[in-house]
K.L.:
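Questions regarding the structure given below will be posed in turn.
As the structure is a prediction and not an experimental result, all values here were calculated from the model.
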Amino acid sequence: MRRRLGCSDLREVPEARRALRELLRHWGRPGSSEIAELLTSELVTNALVHTDRDAVLTATVSPRGLRVEVRDFVGRRPRLCAPVADEGTHGRGLVLVDSLADAWGVQAHGVGKAVWFELNGGAA
């Protein structure tokens with residue numbers, strides 16, 4: 001699955017979740033697709049809110065599991081930091097990704113970066 005996400009258009013978040021849900025309809029152990037949707041929402045939201053540019057969402061299912069990547073066109077790298085209690089819901093996206101994904105990271109590109117996560121979905 002590959003989708004272009006419009007600049008700062010947060011309506012893209014539920015659309016990305018819906019598309020991923022369709023892709024993962026019969027994938028992984030119970031609860032895997034819900035975790036994938038949550039983590040995808042976090043990465044898509046971060047890209048649209050913190051870059052003020054378009055982004056590209058790619059999700060790939062293979063025998064090894066699921067890889068989701070959100071590429072944006074701003075070089076500033078996201079930082080994993082402990083959320084501050086009085087900042088409401090801000091600052092928790094990467095903490096969720098770090099705690100729920102089997103692997104995740106940031107890959108620099110010529111212009112911008114890709115933030116990705118992987119879930120094995122119960123694969124051995």
Side-chain angles (χ1 to χ4, degrees):
M1 174 187 79
R2 184 174 172 91
R3 293 180 61 97
R4 180 164 287 283
L5 307 168
C7 176
S8 300
D9 186 355
L10 293 179
R11 293 175 297 185
E12 296 282 3
V13 177
E15 287 301 315
R17 286 181 74 121
R18 185 200 55 73
L20 187 69
R21 186 177 313 120
E22 185 65 28
L23 175 70
L24 301 179
R25 179 173 286 174
H26 303 290
W27 174 79
R29 67 185 179 271
S32 296
S33 63
E34 289 85 359
I35 292 169
E37 285 182 49
L38 172 65
L39 300 184
T40 299
S41 293
E42 294 300 333
L43 295 189
V44 167
T45 300
N46 283 351
L48 296 177
V49 168
H50 296 294
T51 67
D52 199 29
R53 302 242 175 111
D54 288 358
V56 177
L57 166 65
T58 305
T60 307
V61 177
S62 72
R64 292 183 33 218
L66 169 71
R67 180 180 173 99
V68 173
E69 178 177 294
V70 178
R71 180 163 183 207
D72 64 52
F73 303 95
V74 173
R76 186 177 60 251
R77 294 174 65 92
R79 292 183 337 198
L80 178 65
C81 54
V84 177
D86 61 348
E87 288 188 7
T89 59
H90 297 290
R92 290 168 171 74
L94 287 181
V95 172
L96 284 171
V97 173
D98 186 56
S99 65
L100 296 174
D102 293 313
W104 77 278
V106 181
Q107 181 178 357
H109 286 276
V111 175
K113 67 196 170 290
V115 183
W116 58 271
F117 71 85
E118 294 176 347
L119 294 172
N120 69 23

K.L.:
List the atom of Val70, the atom of Ala47, and the distance in Å for their closest heavy-atom pair.
P.N.:
CG1-CB, 3.6 Å
K.L.:
On a heavy-atom basis, which atom in Trp27 and which in Leu66 lie closest, and how many Å separate them?
P.N.:
CZ2-CB, 3.5 Å
K.L.:
State, yes or no, whether a side-chain contact exists between Arg77 and Val106 at a heavy-atom distance under 4.5 Å.
P.N.:
yes
K.L.:
Would you confirm whether Gln107, through its side chain, and Ala114, through its main-chain N or O, come within 3.5 Å as a donor-acceptor pair?
P.N.:
no
K.L.:
When rounded to the nearest 0.5 angstrom, what distance separates CD in Glu69 from CZ in Phe117?
P.N.:
11.0 Å
K.L.:
Is it the case that the side chain of Arg76 and the backbone of Gly112 share a donor-acceptor pair, with hydrogens and angles ignored and the cut-off at 3.5 Å?
P.N.:
no
K.L.:
Is it the case that one hydrophobic cluster holds both Leu38 and Leu5, taking links as side-chain heavy atoms less than 4.5 Å apart, direct or via other members?
P.N.:
yes
K.L.:
Can you tell me which residue among Val115, Leu94, Thr51 is in a side chain to side chain contact (heavy atoms under 4.5 Å, CB included) with Asn46?
P.N.:
Leu94
K.L.:
Below 4.5 Å, heavy atoms only, C-beta onward: do Val49 and Leu10 meet side chain to side chain?
P.N.:
yes
K.L.:
Would you give the length of the straight line joining atom CZ of Arg3 to atom CD of Glu15, rounded to the nearest 0.5 angstrom?
P.N.:
5.5 Å
K.L.:
Considering non-hydrogen atoms only, spot the tightest contact between Arg4 and Phe73 and give its length.
P.N.:
NH1-CE1, 4.1 Å
K.L.:
Any side-chain donor-acceptor pair under 3.5 Å between Ser41 and Arg17?
P.N.:
yes
K.L.:
What's the shortest heavy-atom distance between Lys113 and Gly75, and which atoms?
P.N.:
CD-O, 4.4 Å
K.L.:
Are Leu39 and Val68 close enough that some pair of their side-chain heavy atoms sits under 4.5 Å apart?
P.N.:
no
K.L.:
Quick one: does any side-chain atom of Asn120 pair with a main-chain N or O of Gly65 as donor and acceptor, under 3.5 Å?
P.N.:
no
K.L.:
What's the shortest heavy-atom distance between Arg2 and Thr58, and which atoms?
P.N.:
NH1-OG1, 3.4 Å
K.L.:
So, are Glu34 and Arg21 salt-bridged, with charged N and O less than 4.0 Å apart?
P.N.:
no
K.L.:
Stepwise, does the side-chain contact (heavy atoms from CB on, under 4.5 Å) test hold for Arg67 with Trp116?
P.N.:
CA-CA 7 Å; Arg67 180 180 173 99; Trp116 58 271; 3.3 Å; yes
K.L.:
Side chain to side chain contact (heavy atoms under 4.5 Å, CB included) with Leu48: which of Val44, Thr45, Asp52?
P.N.:
Val44
K.L.:
Among the clusters formed by ILVMFWY side chains lying less than 4.5 Å apart, do Leu43 and Val56 turn up in the same one?
P.N.:
no
K.L.:
Kindly give the heavy-atom pair with the smallest separation between Leu119 and Ser32, and that separation in Å.
P.N.:
CD1-O, 4.0 Å
K.L.:
My understanding is that only residues two or more places apart in sequence, or in another chain, count here; which of them pass side-chain contact (heavy atoms from CB on, under 4.5 Å) with Leu23?
P.N.:
Met1, Leu20, Ala59, Val61
